[in-house]
Amino acid sequence: MKIVHLWLKFQVLIIQLGDKKFRPYLSAEEIAWAVSRVSEALNEKYNGKQPIVLGVLNGAFMFCSDLVKTLTCGPEIHFVKVSSYEGTASSGNLSRLIGISAELKDRHVILVEDIVDTGLTVDVLRKELAAMGPASVEVATLLFKPDAFRGSQKPDYTGLEIPNDFVVGYGLDYNNLGRELPELYVIND
Ligand code: 5GP
């Protein structure tokens, strides 16, 4: 009887997005803990520095929104965009950073990412931002996949390190689905 009950519960928790199934991975509470880890570290580092926060759309919209609510260092908040990521594997084809509305010269810049996978996106963005003459550039990410990483510099602030599996929810999508979910789900092969 107990086994049947668990099996039923498992079935209910699986979600379908397009042609793929996903199972629960991190609860809203676990995500909130990861967000607070990042915000505590940023508040300590940027106290009195009024950094420019650049949230990377679309994936980081939810993380960035929760993160800035707990920042006490007087951030200016902007959003930027790079080319989209389709399917469940990094395409490696990246367009340039677009939509910067802030003057970055001599300012401390914090790039806010949803997830650092290969690290190639962040490498490109760091270079582009550095060319704009900021006082500093650091990267804060909610999730980091160390096993997939092949970039030149790891994120400066990470909420949680995760295995090299495709996740959705909390702003992250699968072909534009699943961004609205308050929890994170992992692909169910
Ligand atoms: P990277 O250049 O580090 O390989 O990839 C960065 C971007 O790929 C992220 O900003 C995100 O949009 C996308 N990405 C990487 N891994 C995942 C994942 O597990 N799930 C989703 N939904 N997007 C991912």
Side-chain angles (χ1 to χ4, degrees), residues 13-28 30-31 34-35 37-38 42 52-68 77-100 109-131 137-189:
L13 291 174
I14 298 283
I15 60 165
Q16 176 101 29
L17 297 173
D19 59 345
K20 299 249 183 288
K21 289 186 168 60
F22 296 84
R23 63 177 189 279
Y25 183 57
L26 291 175
S27 67
E30 288 167 316
I31 296 168
V35 175
R37 260 188 89 185
V38 176
L42 291 177
I52 293 196
V53 166
L54 288 183
V56 182
L57 296 173
N58 294 328
F61 83 93
M62 213 179 268
F63 172 45
C64 197
S65 144
D66 283 345
L67 181 71
V68 297
I77 301 149
H78 299 263
F79 289 91
V80 291
K81 211 163 174 169
V82 288
S83 60
S84 61
Y85 181 95
E86 291 185 0
T88 59
S90 186
S91 65
N93 300 320
L94 303 167
S95 69
R96 292 176 63 85
L97 186 58
I98 53 170
I100 294 193
V109 176
I110 307 167
L111 193 70
V112 175
E113 268 281 18
D114 48 357
I115 188 163
V116 174
D117 181 356
T118 62
L120 299 179
T121 306
V122 157
D123 270 2
V124 171
L125 302 190
R126 276 193 203 260
K127 274 196 197 115
E128 285 199 40
L129 292 171
V137 177
E138 287 197 309
V139 173
T141 184
L142 178 68
L143 303 170
F144 175 43
K145 295 180 181 173
D147 295 342
F149 186 73
R150 50 192 168 94
S152 58
Q153 207 178 336
K154 287 186 178 175
D156 303 285
Y157 307 89
T158 293
L160 270 174
E161 291 193 358
I162 63 167
N164 191 9
D165 297 316
F166 190 80
V167 293
V168 293
Y170 197 70
L172 291 115
D173 72 313
Y174 169 60
N175 290 342
N176 291 314
L177 297 172
R179 287 194 202 281
E180 78 286 8
L181 299 165
E183 310 87 15
L184 275 158
Y185 291 76
V186 64
I187 197 149
N188 197 48
D189 292 326

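Side chains are part of it too, since the values below use all heavy atoms of this structure and drop only hydrogens, waters and symmetry mates. First listed ligand is number 1; within each ligand, the first listed atom is number 1.
- Side-chain N or O atoms of Asn164 include none that pairs as donor or acceptor with a backbone N or O of Asp147 at under 3.5 Å.
- Close contacts between ligand 1 and Asp165 involve ligand atoms 19 (O) [criterion: under 4.0 Å to a heavy atom].
- The closest approach between Tyr174 and ligand 1 stays at or above 4.0 Å for every heavy atom of the residue.
- Remark: the backbone N or O of Gly18 is paired with a side-chain donor or acceptor of Gln16 at under 3.5 angstrom.
- Side-chain rings of Tyr170 and Phe63 stay apart, their centers remaining 6.0 Å or farther from each other.
- Near Lys145, meaning under 4.0 Å from any of its heavy atoms, are these atoms of ligand 1: 16 (N), 17 (C), 18 (C), 19 (O).
- By the 4.0 Å heavy-atom criterion, Gly59 is excluded from the residues contacting ligand 1.
- Closest heavy-atom approach to atom 11 (C) of ligand 1 among the candidates Asp117, Val56, Val167, Ile115: Ile115.
- With ligand atoms numbered from 1 in the order given, ligand 1 contributes 1 (P), 2 (O), 5 (O), 6 (C) to contacts under 4.0 Å with heavy atoms of Thr121.
- Using modelled atom types, one finds no donor on one side chain facing an acceptor on the other under 3.5 Å when comparing Asn188 with Tyr25.
- For Asp66, the salt bridge (Lys or Arg N to Asp or Glu O under 4.0 Å) criterion is met by Lys69, not counting sequence neighbours.
- Salt bridge status for Asp165 with Arg23: absent, with no side-chain N to carboxylate O gap under 4.0 Å.
- Using a 4.0 Å cut-off to heavy atoms of Gly119, the atoms of ligand 1 that qualify are 1 (P), 3 (O), 4 (O).
- Residue Val122 places no heavy atom under 4.0 Å from ligand 1.
- Each of the following atoms of ligand 1 lies closer than 4.0 Å to a heavy atom of Asp173: 21 (C), 22 (N).
- Using a 30° and 60° split on the angle between ring planes, Phe22 and Tyr174 fall in the tilted class, from 30° to 60°.
- Near Glu113, the atoms of ligand 1 lying under 4.0 angstrom from a non-hydrogen atom of the residue are 10 (O).
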